[in-house]
> 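Take a look at the following structure, please.
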Amino acid sequence: RSHLDYMSEVMGVLQHHDAITGTSKEHVTQDYTVQITAALKACSYSAKIILNQLTKRQTNKDKPVVTEPPQPSARYHDQATQPQPTFTFDFDSCLLLNVSACDISETKDKFMVTVYNALAHSVFHYIRVPVDGNFEYEVTDYRSVPITHQIISVPPQVTALHPIQASGYELVFLATELPPVGYKSFFITRKPARHVNAPRFRFKDVPEVVLMQNDEKMASDDTQRPPW
Amino acid sequence: NSNVVSIGNKYFSIGFDSKGFLNSIALDDGSEHKLSQTFFYYEGAVGDNRVFKNRSSGAYIFRPNSTERFVANQVQTKVIKGPVVEEVHQTFNDWISQVIRVYHDYNFVEFEWLVGPIPVDDNVGKEVVSRFMTDIKSSNVFYTDSNGREMIRRVRDHRETWNLNLEEQVAGNYYPVTTNIAVEDQERRLSVMTDRAQGGSSLQDGAVELMVHRRLLHDDAFGVAEALNHTHAIRGKHFLIFGKLNGAVPTMAARERFLQAEKLLSPWLFFSDVSSYEYEDWR
């Protein structure tokens, strides 16, 4: 509640006409940025805590909350005799998605993307996630259905905005039928590129003609991915 | 004038000419229409602000000095086609680039532009605009959602309640755009939606322009006491809807409203590290 109040106060300040139209002095504008960023971080922290509690409640019904991650041997086949694993993952926001940078999606072997639809009607939405272009990825929804996806290069002008963090590639897939005021999660796994001995190209190193051929190949046959 | 590259989906395809500029749009009914887009900039007026005619363009006032400069005669392009999205990456110059994007299942074109840092080595303030051109015969009329609610009818060089003698032909026809600006004739409608409030206008029939970035070197003496000297780059999106007005299902208005809602209240993304889990456990 205190974090929401803080966000409300900052939003109140930013209703000032100078903040809306950009007629404030530069250092005032920078302070507005500092304030709204701090408020957003506070609220996303709160959202993370609340979502974590919700996840624990939903996935570990009637069980005491245990913080240890599940051991491989804990995977169960017979639910009556084997203990069920406890889930303790966090829900993090990536505030640099607008410059195609996100630490979790670029560095983790397995990550989950949860898409929350705030509208009162169902929508479908294309998800763009920054990833490491040296890997192949597999996107799966809760029905074990692999989802068609595409890895696409981000223009170098964009990565130059955040040269340390921006990965240069994005994973794109379609999230269908996001429920009204509800969410859907996707499980994303990265794998080494199929042709491990092939040289690792980056888009900028490849002549444009070759690039277009590769792209067409990807379009025509989804299973035959080029090495990059 | 012929297209050398095109990208599209089941709803439409857009073509690019040999210089890399957007050139046309072909709809699913087989009709093809002129549609171009480019960036240019206005040079900001400079004055001592003592009298009306000597006002500078600044934070409060958009006042070009009547000079309109195109940023490129030719655009470097890279085309990427895949099963989910097709993109054309355009580089106009060192400080303007853009991705034009057509998703497989979306009935609109996405323009993701990146502008800046605007160079001012020549000591000239610049106000950068993205302009869309069609052959729609809009008869001086265009529409903006300036109050954030309904589309308001605008007539070029005209005001509803007094006789106008317009001395600033460009700035005098600019209106606030909260999310949407559109032109139409009896048959077709072009609508460009924004991801943030911007200034926009239609200075020629069938054309729509939106101001995306400004960097000015003089104060306009209306209180801020600072030049609007933004030194950074800006990245943003425009969403273009083009279609026929009669008999379209869903209607153009419905398409615009749904897109507005989906972009202004777009889904939130949360990321979780699930390295410790197998898919079956997660499921």
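Numbered from 1 within each chain, the chains take letters A, B, ... in sequence-line order. All figures in this text were calculated on a predicted structure; none of them were measured in a lab.
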> Which bit of B:Ala225 comes within less than 4.5 Å of chain A, counting heavy atoms only: side chain, backbone, both or neither?
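Contact with chain A: backbone and side chain both.
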> Is it the case that atom CG in B:Asn147 sees more than 12 heavy atoms from other parts of the structure closer than 6.0 Å?
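Count over threshold, so yes.
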> Above 12 or not: heavy atoms from other molecules or residues under 6.0 Å from CD of A:Glu177?
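Counting other residues, nucleotides and ligands, CD of A:Glu177 stays at 12 neighbours or fewer.
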> Name the orientation class of the two ring planes belonging to B:Trp282 and A:Phe187 (parallel below 30°, tilted from 30 to 60°, perpendicular beyond 60°).
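Because their plane-to-plane angle lies in the 30° to 60° range, the rings of B:Trp282 and A:Phe187 count as tilted.
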> As an exercise: rank A:Asp103, A:Asp90, A:Ile188 by heavy-atom pairs under 4.5 Å with chain B and give me the winner.
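Top option by heavy-atom pairs under 4.5 Å: A:Asp90.
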> Between B:Tyr279 and A:Thr140, is any pair of side-chain heavy atoms under 4.5 Å apart?
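They are in side-chain contact.
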> Hey, is CH2 on B:Trp95 packed in by over 12 heavy atoms from elsewhere, all under 6.0 Å?
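Atom CH2 in B:Trp95 is packed in, count exceeds 12.
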> Check this for me: does any side-chain nitrogen of one of A:Arg128 and B:Glu87 sit under 4.0 Å from a carboxylate oxygen of the other?
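Result for this pair is yes, salt bridge flagged.
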> So which of A:Asn117, A:Val113, A:Leu119 has the largest heavy-atom pair count under 4.5 angstrom toward chain B?
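The answer is A:Leu119.
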> Side-chain contact, heavy-atom cut-off 4.5 Å: A:Val172 with B:Tyr103?
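Yes; the side chains approach each other to less than 4.5 Å.
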> Where does A:Tyr183 contact chain B at under 4.5 Å (heavy atoms): side chain, backbone, both or neither?
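Neither part, no heavy atoms under 4.5 Å.
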> Side chain to side chain donor-acceptor pair (under 3.5 Å) for B:Ser276 and A:Lys110? Distances and angles first, verdict last.
CA-CA 8 Å; B:Ser276 315; A:Lys110 294 176 197 165; over 6 Å; no
> State the CD1-OG distance between B:Ile80 and A:Ser153, to the nearest 0.5 angstrom.
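Between atom CD1 of B:Ile80 and atom OG of A:Ser153 there are 3.5 Å.
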> Using a cut-off of under 4.5 Å for heavy-atom pairs, which of A:Asp141, A:Val28, A:Thr21 has the most such pairs with chain B?
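Looking at each option in turn, the highest pair count goes to A:Asp141.
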> Does a side-chain heavy-atom distance below 4.5 Å link B:Pro83 with A:Thr148?
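Answer yes - side chains close enough.
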> From B:Asn229 CG over to A:Glu26 CD, what is the distance, rounded to the nearest 0.5 angstrom?
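Between B:Asn229 CG and A:Glu26 CD, I get 8.0 Å after rounding to 0.5 Å.
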> Roughly how far, to the nearest 0.5 Å, is the NZ atom of B:Lys237 from the CG atom of A:Asn98?
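One gets 9.5 Å once the value is rounded to the nearest 0.5 Å.
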> Would you say NZ of B:Lys10 has more than 12 non-hydrogen atoms from neighbouring residues, nucleotides or ligands within 6.0 angstrom?
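Check passes, neighbour count above 12.
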> Measuring centre to centre across the rings, with the benzene-like ring taken for any Trp, is A:Tyr126 within less than 6.0 Å of B:His104?
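For A:Tyr126 and B:His104, the ring centres are not under 6.0 Å apart.
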> So which atom in A:Leu178 and which in B:Pro267 form the shortest heavy-atom distance, rounded to 0.1 Å?
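Between these two residues, the closest heavy atoms are CD1-CG, 4.0 Å.
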> Sort B:Glu86 into side chain, backbone, both or neither according to what part of it lies under 4.5 angstrom from a heavy atom of chain A.
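For B:Glu86, neither part sits under 4.5 Å from chain A.
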> Is the shortest side-chain heavy-atom distance between A:Ile127 and B:Leu269 below 4.5 Å?
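Side chain of A:Ile127 against side chain of B:Leu269, heavy atoms only: contact under 4.5 Å found.
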> Name the option with the most non-hydrogen atom pairs under 4.5 Å to chain B; the candidates are A:Ser185, A:Ser144, A:Ala118.
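Highest number of pairs under 4.5 Å: A:Ser144.
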> Determine the minimum heavy-atom distance between A:Leu161 and B:Ala233, stating which atoms define it.
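Reported closest heavy-atom pair: CD2-CB, 3.7 Å.
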> Give a yes or no on whether the backbone of B:Ile96 and the side-chain of A:Gln157 come within a donor-acceptor separation of less than 3.5 Å.
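Such a contact is absent between A:Gln157 side chain and B:Ile96 backbone.
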> How long is the gap from CE on A:Met112 to OG on B:Ser275, to the nearest 0.5 Å?
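Atom-to-atom, A:Met112:CE and B:Ser275:OG are 12.0 Å apart.
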> Taking the six-membered ring for Trp, are A:Phe91 and B:Phe270 parallel (under 30°), tilted (30 to 60°) or perpendicular (over 60°)?
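Perpendicular.
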> Which heavy-atom pair separates B:Ala59 from A:Gly22 by the least distance, and what is that distance?
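Residues B:Ala59 and A:Gly22, closest heavy atoms: CB-O, 4.2 Å.
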> Please report the interatomic distance CD1(B:Ile61) to OG1(A:Thr23), rounded to the nearest 0.5 Å.
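It comes to 11.5 Å.
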> For each of B:Asp105, B:Leu114, B:Leu228, B:Val99, tally heavy-atom pairs with chain A at distances under 4.5 Å, and name the one with the top tally.
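Among the listed options, the one with the most contacts to chain A is B:Asp105.
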> B:Arg196 versus chain A, heavy atoms under 4.5 Å apart: side chain, backbone, both or neither?
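When you check distances to chain A, no heavy atom of B:Arg196 falls under 4.5 Å.
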> Tell me, yes or no, whether the heavy-atom count around A:Lys25 atom NZ, taken from other residues, nucleotides or ligands under 6.0 Å, exceeds 12.
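Atom NZ in A:Lys25 is packed in, count exceeds 12.
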> Most heavy-atom pairs under 4.5 angstrom with chain B, which of A:Thr189, A:Asp109, A:Leu174, A:Leu97?
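Between A:Thr189, A:Asp109, A:Leu174, A:Leu97, the count favours A:Leu97.
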> Under a 4.5 Å heavy-atom cut-off, does chain A meet the side chain of B:Phe258, its backbone, both or neither?
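Side chain only.
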> Would you check if B:Glu262 and A:His125 make a side-chain contact, meaning some heavy-atom pair closer than 4.5 Å?
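The answer is no; the side chains never approach within 4.5 Å.
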> Over 60° means perpendicular and under 30° means parallel, so tell me whether A:Phe111 and B:Phe271 are parallel, tilted or perpendicular.
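It falls in the tilted class, 30° to 60°.
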> Considering residues at least two apart in sequence or located in another chain, which fulfil the salt bridge (Lys or Arg N to Asp or Glu O under 4.0 Å) criterion with A:Lys108?
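Once residues adjacent in sequence are excluded, the partners of A:Lys108 under the salt bridge (Lys or Arg N to Asp or Glu O under 4.0 Å) criterion are B:Asp273.
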